[in-house]
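This report refers to the structure that appears directly beneath it.
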Amino acid sequence: MAKVQDFNTYVDSQFGSKSNNSHIKEGFMDSLANAIDSIMPFSKTKTVNFIVDNILEYEKEMLKAKYDHMKDLEAKRRKMKELDRTDPNYDDAVKAIKNELESKEKQYKAMIKSKTVAIERGRELMRKEAIKSPRLKEIIKAKEAEMDILLAEFEYDLAKKISAEAEEIQNLKDAIQKAKEDAKEMLDKLKNP
């Protein structure tokens, strides 16, 4: 106990009187406690960081899967539209695409369900720990806020990438259409000199 009092006296002497700078001392003590806690083998802070990192990775995987799934669905629908009804294998091709769509949908839903359960278990564990310690509650809030920012940036990058791809696809479609029109025009000129 004497060592703690000596430390408090040292901190008071460095930061001035208790009444004027208690918030600085408190912040310093919190930082020190966090630093010490994070190097301990079974620290709560280390556990929270581990859980938050895993939740962040799962959330990113789910976002990426969502955008990949949407792209895949759109590609399959486009492929179904492009199939020529006069093709004798039209019904078989459509059926194969529909079966593939159903399979992909089941895989996607199973992945989302498993990741969601894991995320909820991690969040529940953090809630239980936050009840026990106000300091840990603040750490969890800060980590979750940081995670929200990182997820928003990640989703923005995904959406921007898809938007750029969609624009590129549209440019390719426009170029193909123009090439078709040019070819038709040239054929018309050759037929009617």
Side-chain angles (χ1 to χ4, degrees), residues 46-130 139-193:
K46 206 177 234 181
T47 303
V48 166
N49 287 337
F50 177 76
I51 291 170
V52 168
D53 290 345
N54 281 323
I55 288 174
L56 180 62
E57 285 308 308
Y58 285 178
E59 293 276 5
K60 283 181 176 181
E61 288 174 19
M62 288 177 17
L63 282 172
K64 186 167 179 355
K66 173 185 164 186
Y67 282 95
D68 288 346
H69 185 65
M70 288 181 351
K71 271 179 24 182
D72 197 34
L73 287 177
E74 185 57 37
K76 300 289 186 221
R77 288 184 184 124
R78 206 175 314 116
K79 190 174 181 181
M80 285 174 57
K81 285 181 183 178
E82 290 172 0
L83 287 173
D84 187 1
R85 289 187 180 270
T86 59
D87 185 352
N89 297 325
Y90 173 79
D91 290 335
D92 293 337
V94 168
K95 188 176 181 180
I97 292 172
K98 285 182 179 180
N99 288 340
E100 191 176 346
L101 280 173
E102 286 177 19
S103 174
K104 295 265 185 187
E105 186 70 24
K106 286 178 184 176
Q107 289 173 357
Y108 174 71
K109 285 181 179 178
M111 188 276 285
I112 294 297
K113 184 178 180 181
S114 70
K115 299 286 184 196
T116 303
V117 167
I119 287 170
E120 189 50 42
R121 285 186 180 155
R123 289 187 189 276
E124 182 62 30
L125 180 62
M126 286 194 308
R127 279 191 291 271
K128 286 178 182 177
E129 291 302 319
I139 291 170
I140 290 169
K141 280 184 184 178
K143 293 297 281 182
E144 286 181 332
E146 180 183 359
M147 183 175 63
D148 289 343
I149 292 167
L150 292 172
L151 281 174
E153 289 172 351
F154 183 77
E155 187 168 14
Y156 172 74
D157 289 341
L158 280 176
K160 189 167 73 171
K161 181 181 174 187
I162 287 175
S163 176
E165 287 174 0
E167 186 177 321
E168 193 174 308
I169 289 170
Q170 188 59 46
N171 290 341
L172 289 172
K173 283 183 179 179
D174 292 345
I176 290 170
Q177 186 62 36
K178 181 163 177 19
K180 283 181 181 178
E181 289 170 4
D182 291 346
K184 186 176 185 244
E185 187 178 309
M186 289 176 78
L187 285 173
D188 287 345
K189 283 182 182 177
L190 288 173
K191 288 180 183 177
N192 303 321

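Only a predicted model underlies this, so the values are computations on that prediction, with no experimental measurement involved. By convention here, the first residue in the shown sequence is residue 1.
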Beyond-backbone contact of M80 with K98, side-chain heavy atoms, under 4.5 angstrom: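 Yes - at least one pair of side-chain heavy atoms lies under 4.5 Å apart.
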Flag side-chain contact, heavy atom, 4.5 Å: M126 against T47: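 With C-beta onward as the side chain, the pair stays apart.
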Salt-bridge contact K79-E74 (side-chain N to carboxylate O under 4.0 Å):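 Between E74 and K79 there is no salt bridge, as every charged N stays at least 4.0 Å from the carboxylate O atoms.
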Residue pair K178, E181: steps toward the salt bridge (Lys or Arg N to Asp or Glu O under 4.0 Å) verdict: CA-CA 5 Å; K178 181 163 177 19; E181 289 170 4; over 6 Å; no
Within 6.0 angstrom of R121 CZ, more than 12 heavy atoms from elsewhere: no
Rounded to the nearest 0.5 Å, what separation is found between the [atom1] atom of [X] and the [atom2] atom of [Y]?
| X | Y | atom1 | atom2 | answer |
| --- | --- | --- | --- | --- |
| N49 | K143 | CG | NZ | 4.0 Å |
| K81 | R77 | NZ | CZ | 9.0 Å |
| R123 | T116 | CZ | OG1 | 10.5 Å |
| E146 | I149 | CD | CD1 | 7.5 Å |

Donor-acceptor contacts under 3.5 Å from residues 51-68 side chains, at least two apart:
from	atom 1	to	atom 2	distance (Å)
N54	ND2	F50	O	3.3
E61	OE1	K115	NZ	2.6
K64	NZ	D68	OD2	3.1
Y67	OH	E155	OE2	3.1

Audit row: E105, L101, side-chain contact (heavy atoms from CB on, under 4.5 Å) steps and yes/no: CA-CA 6 Å; E105 186 70 24; L101 280 173; over 6 Å; no
Any donor-acceptor N or O pair under 3.5 Å, side chains Q107, H69: no
